[in-house]
Engineer: 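The structure's right below; bear with me while I get my questions together.
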Amino acid sequence: MAEFSKLVITAKGQALIAKMIAGVGNIEFTKVSASSTTYTLSQLEALTALSNVKQTSLISKKTITNNVAIKLEAAFTNTDLTAGYNMKALGLYAKDPDAGEILYAVTIETSGNCYMPPYNGITVSGAYIQLVTTVGNADSVNLKVDPAAVATIGDIQELEAKIADLQAFVGYTDAHIYGVEVDFKNKKFTRLAGAFGKTGGHAFDSVHCFGGRRRCNVTNDGKVVAYYGEGAFSTTGKLAQSVTIESGQYAGTYAAGTPVQVMVEQPRFYYKVVPLETEIVTEGENHGHYTRKIRYYICDEPEAGFKVHPAFVENGNENDYIYLAAFEGSLWDSSASAYILDDAQVADFSADMLSSIAAVKPMSGLTQNLTRANTRKLANNRGKGWEQAYAATAAASQLLMLVEYASFNMQSGIGNGAVSKTDDNSSNMAEYTGATAELGNDSGAVTNASGIQIVSYRGEENFWGNIWGWVDGMNIQNPTPFDAAGKFGRLYVADHGFADDTGNAPYQDTGICPCYGEGYISAFGYSENFDWLFVPAEHNGSTAVPVGDYYWNYNAGWRVAALGGRWGDGLQSGAFSWSLGHAASDRYRSVGGRSGYIPVSYTNLTLP
């Protein structure tokens with residue numbers, strides 16, 4: 001691969017900069033020439049022209065990168081070459097108000113691997129050039145581009161993005177893209193592109209981000225050693241039998257009884273959100289926007305204008321898969337070397353571990369101090385990459401549900417869940433996990449031995465209902481006072497470095513402002529950079545539409561989030577039901593947590 005040296009500004013280029021700083025004219029870059037002459041770095045400053053120029057290209061794009069630097073783009077092709085050459089130097093030219101066109105700067109190729117072949121009548125070869133140079137004052141650079149210049153890859157990518165944006169507003173028709181248009185005002189949902197004509201469930205199994213979700217066993221060090229349906233797979237927290245993996249990053253033999261968690265493998269997907277209509281929340285108050293009419297799209301593979309869903313990007317590292325808890329969190333007691341089956345309040349937050357297994361009562365903060373921060377500790381105790389559920393991982397499942405069912409109301413789409421029990425006002429009344437074990441990777445609802453409905457979305461049991469779950473990576477700062485309709489907090493999110501009561505890095509201000517009070521959700525907050533979030537900004541809806549889920553946000557100051565609802569919340573529960581009024585120090589008998597594994601060291605897995 002070709003490698004070039006730093007761009008050296010010639011003596012004439014330096015003189016032109018001095019004139020510009022003195023206020024004598026502007027800099028206008030004109031062309032880039034390629035030479036086959038071998039130069040040394042020490043020769044470049046004194047050059048006034050290149051010898052053996054083989055090709056010249058007009059500059060196709062000029063971009064100010066900061067106050068003193070300019071990025072210039074050009075392209076060379078071999079369509080007019082009758083003889084090949086080694087591209088050994090590139091010269092950047094500019095107009096001097098006194099001297100005319102001058103050689104402004106030069107760079108030399110250092111690898112010896114930059115050969116431009118002659119055109120053979122069949123194959124077109126080319127080189128895309130980006131040069132970044134200092135100019136003293138970028139405001140004094142003429143950014144006009146000659147219309148005869150060849151389009152660069154950068155131009156084409158920019159054009160593709162614009163076409164994708166236009167196509168998104170017109171509406172995709174591609175069969176490999178799946179979408180839904182949500183008209184919040186008119187309470188209408190319209191399936192788009194590949195989702196048209198489908199219904200939620202098996203019709204989406206052929207789409208990898210849906211049908212590729214599958215329950216699996218993951219070891220404490222992040223190795224995937226068994227999948228649902230295989231003999232070694234277990235929901236007990238220990239491998240059912242020995243398994244040998246012959247090759248790949250998980251190669252090895254794993255004995256029966258190896259500690260494993262029951263997780264849901266979620267393949268990476270790409271998304272695009274198109275805001276057809278939004279509304280300013282409060283004119284002049286910087287409270288963000290309401291969603292009024294929005295298109296949501298997903299696809300399995302990269303597509304112009306689409307982005308990798310943030311659930312697959314952790315601190316800049318992109319993953320092919322993430323792993324979501326199949327079951328609500330329970331406790332591994334390190335001192336007893338045993339799972340706590342009945343939510344005994346014995347957690348040692350420095351040593352015990354948040355778990356995902358069947359046949360246990362989800363853990364709670366009945367008397368133990370199961371705050372969000374302590375749930376985070378229990379998750380982290382399992383090892384590198386283990387977290388509790390956080391904003392982006394929850395949002396990934398929410399987006400998939402929305403597109404698959406063309407609805408936010410998953411209680412209507414799949415089942416109400418464990419939400420209809422009469423509360424005793426004193427205990428953790430959550431049902432034991434694992435009733436959906438036989439559903440495996442399918443969505444659906446079952447009735448457990450106690451006559452209670454338990455739901456699962458493609459392997460994730462009780463994403464809503466049964467017991468609230470803390471959600472990490474999102475902090476809400478409500479103003480003081482925060483005591484009336486028309487007041488809004490501010491949401492900060494992060495994908496790593498989780499902490500409470502802060503909006504400092506790595507947390508980012510989303511521009512989304514959760515509203516005061518409670519009620520059925522009628523609109524979410526919207527911002528372009530955080531268009532993947534489903535956090536309420538308005539609660540004038542009903543039990544059915546446009547969302548059908550309830551929302552709570554009270555209390556001034558920093559707040560933490562819980563998702564899903566509990567055993568007695570009825571239709572107020574749901575996959576999009578948020579409770580945002582909790583202090584970081586709070587713990588409850590009705591709030592637990594879910595684990596997750598983000599493969600910080602395993603990437604580029606092979607698709608099954």
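Atoms considered below: every heavy atom in the structure, side chains included; atoms not considered: hydrogens, waters and symmetry mates.
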Engineer: Just how far is it from atom CG of Leu92 to atom OG1 of Thr107, taken to the nearest 0.5 Å?
Structural biologist: 10.5 Å
Engineer: Would Tyr390 and Phe498 count as a ring-ring contact (aromatic ring centres under 6.0 Å, His included) here? Give the steps.
Structural biologist: CA-CA 9 Å; Tyr390 60 92; Phe498 302 132; 5.0 Å; yes
Engineer: Under 4.0 Å between a side-chain nitrogen and a carboxylate oxygen: does that hold for Asp221 and Lys384?
Structural biologist: no
Engineer: Please tell me if the side chains of Leu50 and Tyr39 come closer than 4.5 Å, counting only heavy atoms from C-beta onward.
Structural biologist: yes
Engineer: Can you tell me how the ring of Phe534 sits relative to the ring of Phe408, calling it parallel under 30°, perpendicular over 60° and tilted otherwise?
Structural biologist: perpendicular
Engineer: Please determine if Arg213 and Glu265 form a salt bridge, counting it only when a charged side-chain N lies under 4.0 Å from a carboxylate O.
Structural biologist: no
Engineer: Ignoring hydrogens and geometry, is there a side-chain-to-backbone donor-acceptor pair from Lys272 to Gly305 under 3.5 Å?
Structural biologist: yes
Engineer: May I ask you to check whether Gln55 and Ser33 show a side-chain donor-acceptor distance below 3.5 Å?
Structural biologist: no
Engineer: Show, in sequence, the C-alpha distance, side-chain angles and deciding distance for Tyr115 and Tyr85, and conclude whether the ring-ring contact (aromatic ring centres under 6.0 Å, His included) test is met.
Structural biologist: CA-CA 6 Å; Tyr115 179 72; Tyr85 72 98; 7.6 Å; no
Engineer: Does the cation-pi check pass for Lys198 over Phe204, that is, NZ or CZ under 6.0 Å from the six-membered ring centre and within 45° of its axis?
Structural biologist: yes
Engineer: Verify whether one side chain among Asn475 and Asp500 offers a donor that lies under 3.5 Å from an acceptor in the other.
Structural biologist: no
Engineer: Testing the basics here: between Arg490 and Asp509, what is the closest heavy-atom pair and its distance to 0.1 Å?
Structural biologist: NE-OD2, 2.8 Å
Engineer: I'd like to know if the side chain of Thr291 reaches the main chain of Phe524, judged simply by a donor and an acceptor atom lying under 3.5 Å from each other, with no hydrogens or angles considered.
Structural biologist: yes
Engineer: So does Val32 get a backbone contact from the side chain of Ser57, meaning a donor-acceptor N/O pair under 3.5 Å?
Structural biologist: no
Engineer: Step by step, work out the salt bridge (charged side-chain N to carboxylate O under 4.0 Å, His left out) result for Asp472 and Arg372.
Structural biologist: CA-CA 7 Å; Asp472 222 338; Arg372 187 177 72 167; 3.7 Å; yes
Engineer: With distance as the sole test, does Asp174 use its side chain to make a donor-acceptor pair with the main-chain N or O of His176 at under 3.5 Å?
Structural biologist: no
Engineer: With a 4.5 Å heavy-atom cut-off, do Ile294 and Val274 have their side chains touching?
Structural biologist: no
Engineer: Can you check ring-ring contact (aromatic ring centres under 6.0 Å, His included) on Trp578 and Tyr551, steps first, answer last?
Structural biologist: CA-CA 5 Å; Trp578 289 100; Tyr551 162 81; 9.1 Å; no
Engineer: Could you tell me if the side chain of Asp300 sits less than 4.5 Å from the side chain of Val207, heavy atoms only?
Structural biologist: yes
Engineer: Contact between Glu387 and Asn380 at the side-chain level, heavy atoms closer than 4.5 Å - yes or no?
Structural biologist: yes
Engineer: Around Lys6, counting heavy atoms of other residues, nucleotides and ligands shown, do more than 12 lie under 6.0 Å from its NZ?
Structural biologist: no
Engineer: Just one of Glu301, Glu318, His309, His208 clears the side chain to side chain donor-acceptor pair (under 3.5 Å) bar with Arg268, so which one?
Structural biologist: Glu318
Engineer: Do the non-hydrogen side-chain atoms of Cys114 and Phe4 ever get within less than 4.5 Å of each other?
Structural biologist: yes
Engineer: Is the backbone of Thr510 close enough, under 3.5 Å, to the side chain of Ser527 for a donor and an acceptor to pair up by distance?
Structural biologist: yes
Engineer: Taking C-beta and beyond as the side chain, do Phe210 and Phe269 meet within less than 4.5 Å on heavy atoms?
Structural biologist: no
Engineer: Quick check with a 6.0 Å cut-off and a 45 degree axis cone: is Lys31 positioned over the face of Tyr93's six-membered ring?
Structural biologist: yes
Engineer: Flag the pair Asn553 / Cys515 as yes when at least one side-chain heavy-atom distance between them is below 4.5 Å, and no otherwise.
Structural biologist: no
Engineer: So if I apply the ring-ring contact (aromatic ring centres under 6.0 Å, His included) rule between Tyr492 and each of Tyr507, Trp558, Phe530, which one comes out positive?
Structural biologist: Trp558
Engineer: Decide, yes or no, whether a salt bridge links Asp501 with Arg559 under the criterion of side-chain N to carboxylate O below 4.0 Å.
Structural biologist: no
Engineer: Are side-chain N/O atoms of Ser51 and Thr37 paired as donor and acceptor at under 3.5 Å?
Structural biologist: yes
Engineer: Show your reasoning for whether ring-ring contact (aromatic ring centres under 6.0 Å, His included) applies to Phe189 and Phe184.
Structural biologist: CA-CA 9 Å; Phe189 295 77; Phe184 288 84; 7.4 Å; no
Engineer: Do the side chains of Glu181 and Arg295 get close enough for a salt bridge, i.e. N-O under 4.0 angstrom?
Structural biologist: yes
Engineer: I'd like to know if the side chain of Asn319 and the backbone of Tyr321 have a donor-acceptor N/O pair within less than 3.5 Å.
Structural biologist: no
Engineer: Salt bridge or not between Lys88 and Glu109? Use side-chain N to carboxylate O under 4.0 Å.
Structural biologist: no
Engineer: Report, as yes or no, whether the 6.0 Å neighbourhood of atom NZ on Lys187 holds more than 12 heavy atoms from other residues, nucleotides or ligands.
Structural biologist: yes
Engineer: Hey, is the main chain of Glu285 close enough, under 3.5 Å, to the side chain of Thr282 for a donor-acceptor pair?
Structural biologist: no
Engineer: Might you confirm whether atom NZ of Lys487 has over 12 heavy atoms from other residues, nucleotides or ligands at distances under 6.0 Å?
Structural biologist: yes
Engineer: Look at the aromatic rings of Phe488 and His287 and report parallel, tilted or perpendicular, splitting at 30° and 60°.
Structural biologist: tilted
Engineer: Considering only NZ, NE, NH1 and NH2 on the basic side and carboxylate oxygens on the acidic side, decide whether Arg292 and Glu538 come within less than 4.0 Å.
Structural biologist: yes
